[in-house]
Chemist: 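Here it is, the structure in full.
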Amino acid sequence: MRDVIAEIWSTAKRNKLRTALTGFAVAWGIFMLIFLLGAGNGLINATMQNSDRFMANSMSVYGGRTSKAFEGLKEGRWITLNDKDFETTTARFASNVDEMGASISQNSVTISYRGNYTSTSLNGVYPNEADIYKLEMCHGRFINRIDNEQSRKVLVINEDQAKELTTGDIAGLVGQYVDVGAFGFRIVGIYKSDRSGGNSAAYTAFNTVRGIYGRGDKADELHFSFHGLNTEEDNKAFEKRYRAGLNRNHRAAPDDEGAIWLHNRFTDVLQMNTGIAIIRTALWIIGLFTLLSGIVGVSNIMLITVKERTREFGIRKAIGAKPWSILKLIIVESVIITTFFGYIGMLMGIAANEYMDATIGHMQIDSGMFTATMFVNPRVGIDVCIEATLVMVLAGTLAGLIPARKAAKIRPIEALRAE
């Protein structure tokens, strides 16, 4: 085997450019596959992280505007949700609905404390609001069931609002009374700000807002988590039945999609997963075609090698060399080239992914309303890197098999005819 390797090394030194070009094709194929998969993983991880701010199996319901005439009523009526819609959801759809809640907002509310103040919107909510929007409590607690039942004047604010109300430790605000407009509220919790734009409000009990601001039986939104809807078809069927049920409460056509708006986060997740699967498949296809170009390069170079060494192989057979020895020489040369340069390509791909993670991997886009990470952990598992390299080596072996068989079939007489 040492003699074979020495001969291969001697051949490579005599044909430096050809060997370098072949090695570059192999290394580039592995590098591009690992680089593309890493970049794709970075984008996919960022997308999943940004969409993970909400509970996946949850739905929000909003009042809309009728788009069809129904029962003598013209289209264009504004629909406002109310307690009847809440009861319809919990009674008729209890087999799928887990935890039910609602929210109602009062805009432009001023919160003041010892000469400091902040302006925000005051959202009356149910306890499940924290679960659906994944609010992270820093100090104290969120709104609970008893707060709602007793219409307590309790308040949950975010970190930024707390810092505007006090220059000291914000944890000290928990338990303190503040003025919310003309009413006194007790702060019971402080939650983490993430500048998403979806959780910049101050929270209190749902019934408290309705009572103070005279909103009757109205609600701005309904929120609930659900189970048993595992496919997109199941969700569409549920949405159709649910919309028809609520439309009936407001004398709107059962199929009027404008009257009641539904935001089903689970279907968003299903569609996102489908998109992610397509992206992953596309990246693998592109990467494998890049690998294929390297394999074709190895095969072509080996064919050229056989053609150039026809006289040598013919003479070898004339003096007693077995076809297997020539076959082994070409195959081993293919394996060594693909293994060596494939390993280099793998290291380059891993280094490129690490560089991406160290630079754009921590980059955030700030729109003013929210911040979003565009690239998260753009890496590929070491197992994938090794598997890709092994595939390249195996493919390089097969690529060298064709020219090797051709070399093994060379007859001594051809050595005399070769120029």
Side-chain angles (χ1 to χ4, degrees), residues 51-105 107 121 123-134 148 196-199 201 206-207 209-210 215-275:
S51 64
D52 195 44
R53 294 197 302 265
F54 310 102
M55 180 186 290
N57 60 319
S58 65
M59 193 177 299
S60 294
V61 187
Y62 311 87
R65 194 174 185 180
T66 58
S67 60
K68 299 179 180 181
F70 186 71
E71 293 184 351
L73 300 175
K74 294 183 178 180
E75 70 277 8
R77 292 183 297 117
W78 288 103
I79 302 299
T80 303
L81 301 175
N82 53 39
D83 285 345
K84 189 174 182 180
D85 299 314
F86 192 104
E87 294 166 1
T88 298
T89 305
T90 55
R92 292 186 53 190
F93 301 93
S95 58
N96 294 113
V97 174
D98 290 326
E99 189 172 357
M100 186 69 192
S103 66
I104 190 167
S105 300
N107 296 323
S121 62
N123 287 4
V125 298
Y126 277 70
N128 70 334
E129 185 89 1
D131 296 326
I132 290 177
Y133 289 98
K134 294 189 176 180
N148 244 324
S196 67
N199 65 345
F206 178 81
N207 290 330
V209 172
R210 287 213 304 191
R215 303 291 286 274
D217 66 344
K218 307 304 180 185
D220 292 336
E221 302 173 18
L222 301 181
H223 309 287
F224 59 87
S225 54
F226 58 85
H227 68 277
L229 307 176
N230 302 317
T231 65
E232 193 167 351
E233 290 73 21
D234 291 341
N235 281 270
K236 286 182 178 179
F238 175 84
E239 290 176 17
K240 183 177 180 180
R241 290 185 290 108
Y242 182 70
R243 179 179 284 109
L246 265 59
N247 282 357
R248 191 175 296 110
N249 293 343
H250 300 276
R251 297 182 65 188
D255 59 345
D256 189 346
E257 296 185 0
I260 298 295
W261 294 351
L262 304 178
H263 181 194
N264 188 336
R265 298 180 182 87
F266 189 74
T267 55
D268 290 348
V269 171
L270 290 176
Q271 292 168 2
M272 183 181 69
N273 289 341
T274 301

Chemist: Counting C-beta onward and ignoring hydrogens, is there a side-chain heavy-atom pair between S58 and D131 closer than 4.5 Å?
Modeler: no

Chemist: What residues form a ring pair (Phe, Tyr, Trp, His ring centres under 6.0 Å) with Y242, not counting sequence neighbours?
Modeler: F93, F224, F238

Chemist: Sequence neighbours excluded, which residues qualify as side-chain hydrogen bond (donor to acceptor under 3.5 Å, both in side chains) partners of S103?
Modeler: H223

Chemist: Which pairs with one or both residues in residues 62-87 pass ring-ring contact (aromatic ring centres under 6.0 Å, His included), sequence neighbours excluded?
Modeler: F86-Y126

Chemist: Are side-chain heavy atoms of R215 and D220 found at a separation under 4.5 Å?
Modeler: yes

Chemist: Would D217 and K84 pass as an ion pair if we require N to O under 4.0 Å?
Modeler: no

Chemist: Taking C-beta and beyond as the side chain, do S67 and D256 meet within less than 4.5 Å on heavy atoms?
Modeler: yes

Chemist: For the residue pair K236 and T267, establish whether any side-chain heavy-atom pair is separated by less than 4.5 Å.
Modeler: no

Chemist: Given E232 and Q271, is the side-chain contact (heavy atoms from CB on, under 4.5 Å) satisfied, shown in steps?
Modeler: CA-CA 9 Å; E232 193 167 351; Q271 292 168 2; 3.6 Å; yes

Chemist: Is there a side-chain hydrogen bond (donor to acceptor under 3.5 Å, both in side chains) between S105 and N123 once you walk through the steps?
Modeler: CA-CA 4 Å; S105 300; N123 287 4; 2.8 Å; yes

Chemist: Any side-chain heavy atom of N96 sitting closer than 4.5 Å to one from R241?
Modeler: yes

Chemist: For residues T80 and H250, determine if any side-chain heavy atom of one lies less than 4.5 Å from a side-chain heavy atom of the other.
Modeler: no

Chemist: Does the side chain of D85 come within less than 4.5 Å of L222's, by heavy atoms?
Modeler: yes

Chemist: Any non-hydrogen side-chain atom of L229 less than 4.5 Å from a side-chain atom of N57?
Modeler: no

